[in-house]
Number of protein chains: 2
Amino acid sequence: MNDVAREAGVSLKTVSRAVNGVPTLDPALAERVFAAIRTLGYRRNELAATLRSTASTATIGLIIGDMRNSFYSSVAAGTYEIAREHGTHLITASAEEQVELEQELALALCQRRVDGLLIFPAVGDQSYLQPEMDLGTSVVFLDRPGTGVSADSVRLDNVAAAHTLASMVLEEGHRRVGLLLDTLEVLTIRERLDGVRAAFEEAGMTLDDRLISTTAHDPEAATKATVAMLDLDDPPTAFIGKNNRAIIGIVDALVTRGARARVVGFDDFEMSRFLPRPVTLASFDVVELGRRGATRLFDRIAGSAGEPTTERLPFTIVQRGSYR
Amino acid sequence: MNDVAREAGVSLKTVSRAVNGVPTLDPALAERVFAAIRTLGYRRNELAATLRSTASTATIGLIIGDMRNSFYSSVAAGTYEIAREHGTHLITASAEEQVELEQELALALCQRRVDGLLIFPAVGDQSYLQPEMDLGTSVVFLDRPGTGVSADSVRLDNVAAAHTLASMVLEEGHRRVGLLLDTLEVLTIRERLDGVRAAFEEAGMTLDDRLISTTAHDPEAATKATVAMLDLDDPPTAFIGKNNRAIIGIVDALVTRGARARVVGFDDFEMSRFLPRPVTLASFDVVELGRRGATRLFDRIAGSAGEPTTERLPFTIVQRGSYR
DNA sequence: AACAGGTCGGACAACGTTATCTCAGCTCTG
DNA sequence: CAGAGCTGAGATAACGTTGTCCGACCTGTT
């Protein structure tokens with residue numbers, strides 16, 4: 001910057017003014033500065049600039065589960081889209097659903113002075129964020145609310161989606177319905193179970209505990225649990241899968257066994273049309289989840305006050321599979 | 001930091017020393033500092049720290065095409081993995097294959113003083129990076145080499161994979177082979193075409209231009225191009241798809257037409273086993289592409305000298321589809 | 001022609017941290 | 001017991017930029 005000032009024959013401050021586009025600066029002088037900048041290939045050090053000025057770092061952090069999972073990478077895409085519109089950089093980190101790692105990453109990002117954080121909170125306690133929020137870092141939780149701290153969240157309408165899927169299955173006359181879920185520690189799963197349970201109660205029925213698996217973490221586990229249910233004396237005639245991976249596991253089991261059963265579940269995915277069995281899916285626009293979260297975050301960063309809000313994304317029902 | 005020094009009854013510099021773990025510091029004094037830090041909830045400003053010190057910002061940038069594409073998000077996952085091992089943050093940006101956008105993003109990241117950049121170079125000129133590289137920013141290109149600038153790259157062995165796939169199809173007796181490719185402006189596509197052409201020449205055959213589509217950018221376009229080839233008087237009995245999306249388009253066309261044809265192509269994907277037709281795929285470990293690129297980048301950041309290198313990832317042949 | 005008002009440029013300090021230098025005080029050695 | 005050598009802590013400057021303030025210059029008005 002000193003070199004630029006010397007080259008242009010002006011003071012340091014004038015270079016700063018030119019770079020920052022101060023309107024009261026003589027255009028001719030500004031042009032001389034820009035010429036010098038071009039000649040010398042000067043590039044402003046953003047870090048130093050944000051140190052002195054009160055301006056933000058124009059960076060937000062995103063803490064997700066696993067980038068390989070299309071659910072998270074879709075959210076990242078939506079988040080990036082909005083961040084880009086705000087001229088903001090996106091630092092993405094993966095906490096693998098471990099709250100200690102999440103805390104380490106979130107605090108590291110705060111030390112980097114990110115303007116805000118978007119977090120998929122892991123099972124555990126997020127109260128470690130309180131001091132940072134008091135110091136002015138905005139936080140928005142995605143998919144689930146944080147624990148021990150009050151902040152905005154953008155979530156999926158799990159209860160309604162589960163209720164709709166279950167009602168559909170019951171109306172079709174199914175009475176034995178297998179649920180392929182994950183651990184009930186996760187709120188999202190509990191909500192989906194609650195929605196199903198409500199639909200059952202409305203139909204004057206109760207859920208059979210033997211038809212509820214809470215171990216369908218991946219396709220293989222879902223297959224195993226499905227097979228176990230098919231082996232019961234009174235096997236299910238319908239299955240509800242907690243997400244795309246569970247659906248794959250269920251269909252895998254059915255195809256292997258040559259069994260026929262109604263399959264419904266959550267989350268649409270690119271290849272769903274190729275599934276060898278018809279499925280009905282409650283689909284959420286996951287990219288939109290990222291967009292909404294980021295939009296809310298930038299609202300807060302811009303100074304929007306008020307109580308924390310919870311936004312719920314709607315779902316759509318789609319028919320997939322049985323592609324020949 | 002001043003507050004911490006006051007609270008602990010030491011000088012500013014001693015706080016700095018404690019925070020940075022300077023070994024010559026009296027442990028009792030350090031403990032007093034840490035106690036003060038806990039009391040006050042002090043957190044170091046990393047931006048200010050990197051300003052004065054010669055240390056790096058512990059941040060790298062990744063410029064990809066589109067986060068929604070699992071190819072890119074897999075690379076991001078591999079990159080993140082290695083970055084994490086190096087205690088480094090990852091800023092991801094999407095240039096959507098536009099070189100102007102790529103330049104803007106890359107230079108913005110340089111102004112953020114990233115230690116290095118991993119770039120999927122768009123078709124165009126990357127010489128804008130030269131000044132930054134001269135100033136010490138390391139650059140590694142992924143998937144394709146940059147133009148107008150000399151830097152490391154990590155790439156896929158496209159020619160060999162294409163050669164293997166094409167030889168396989170020819171050995172099976174196919175003589176009419178349809179190629180579903182994208183624009184030949186992209187080096188990767190040219191390499192895949194070159195591999196196929198070499199296999200044909202070895203078999204004493206030449207490619208029929210009418211069986212080469214350079215418009216199969218997405219599944220729908222691939223379907224359209226496949227259908228057009230199937231309508232020829234002498235339609236192909238085999239198809240080679242340039243990537244997973246082309247494969248989906250080809251299979252879609254075959255299923256819709258009720259046609260039988262051999263299908264081979266590039267890139268494995270999670271759902272490939274559900275494809276309703278058997279396919280043979282040349283699969284690259286894309287996560288590994290991200291890992292290798294990041295590893296090379298950190299080597300350079302650590303000061304590894306020497307001429308730019310080109311690394312090529314091997315492929316494996318996998319059988320997929322025809323799932324019942 | 002003189003003065004008021006406005007505009008633009010430059011000196012200086014500051015952002016939060018670390019590097020360098022210096023010095024006090026201790027220990028060890030001869 | 002004196003002096004050399006070392007250790008640990010503080011004072012000061014510096015990183016690259018921007019905010020504040022003041023002064024110089026210019027313009028327009030009377």
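On a predicted model such as this, the values are computed, not experimentally measured, just so you know. Values below: all heavy atoms of this structure, side chains included; hydrogens, waters and symmetry mates excluded. A note on names: the letters A, B, ... follow the listed sequences, proteins ahead of strands, and every chain is numbered from 1.
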Exercise. Would A:Glu104 and B:Arg84 pass as an ion pair if we require N to O under 4.0 Å?
Worked result: yes

Seminar exercise, completed: Between CD of A:Gln111 and P of C:dT18 the distance, given in whole Å, is 11 Å

Exercise. Can a salt bridge be assigned to the pair B:Arg68 and A:Glu81 using a cut-off of 4.0 Å between side-chain N and carboxylate O?
Worked result: yes

Exercise. How many angstroms lie between atom OH of A:Tyr128 and atom CG of A:Leu107, to the nearest 0.5 angstrom?
Worked result: 6.5 Å

Exercise. For the side chain of B:Met1, counting heavy atoms from C-beta on, which of D:dG10, C:dT18, C:dG16 is nearest?
Worked result: C:dT18

For this session: Find the distance A:Leu12:CG to C:dG10:P and express it as a whole number of Å.
Result: 10 Å

Problem set entry | Between D:dG8 (P) and B:Asp26 (CG): distance, integer Å | 7 Å

Exercise. Please give, in whole Å, the distance from D:dC15 C1' to B:Asn45 CG?
Worked result: 13 Å

Problem set entry | 5' priority, DNA chain D, between B:Gly9 and A:Asn2 [closest heavy atom] | B:Gly9

Exercise. Which part of the nucleic acid does B:Arg44 contact within heavy-atom distance under 4.0 Å: base, sugar-phosphate only, or nothing?
Worked result: sugar-phosphate

Exercise. How close or far is atom P of C:dT17 from atom CZ of B:Arg113, stated in whole angstroms?
Worked result: 20 Å

Exercise. Among D:dT17, D:dT18, D:dA9, which nucleotide sits nearest the side chain of A:Tyr42?
Worked result: D:dT17

Exercise. Any N or O donor-acceptor pair linking the side chain of A:Lys13 to the base of C:dA11 at under 3.5 Å?
Worked result: no

Exercise. What nucleotide among D:dT17, C:dG16, C:dG9 has an atom nearest to a side-chain atom of A:Thr14?
Worked result: C:dG9

Exercise. When rounded to the nearest 0.5 angstrom, what is the spacing between CG in B:Asn45 and OG1 in B:Thr50?
Worked result: 8.0 Å

Exercise. Is A:Thr24 touching bases, backbone alone, or none of the nucleic acid, heavy atoms closer than 4.0 Å?
Worked result: sugar-phosphate

For this session: Look at all strands and tell whether B:Asn20 reaches a base, only sugar-phosphate, or nothing, counting heavy atoms closer than 4.0 Å.
Result: sugar-phosphate

Exercise. Base, sugar-phosphate, or nothing for A:Ser53, non-hydrogen atoms under 4.0 angstrom?
Worked result: sugar-phosphate

Exercise. When the distance from CD of A:Glu46 to C1' of D:dT18 is rounded to whole Å, what number comes out?
Worked result: 13 Å

For this session: Give a yes or no on whether a donor-acceptor pair under 3.5 Å exists between the nucleobase atoms of D:dT17, that is its base, and the side chain of A:Arg52.
Result: no

Exercise. Quick one: A:Leu47 CG to D:dC15 P, roughly how many Å, whole number?
Worked result: 16 Å

For this session: Report the distance from atom CZ of B:Arg6 to atom C1' of D:dG10, rounded to the nearest whole Å.
Result: 16 Å

Exercise. Hey, is the main chain of A:His217 close enough, under 3.5 Å, to the side chain of A:Asp182 for a donor-acceptor pair?
Worked result: no

Exercise. Looking at D:dG16, does its base get a donor-acceptor pair with the side chain of A:Arg43 below 3.5 Å?
Worked result: no

Exercise. Under 3.5 Å, is there an N or O donor on one side and an acceptor on the other linking the side chain of B:Arg17 and the base of D:dG10?
Worked result: yes

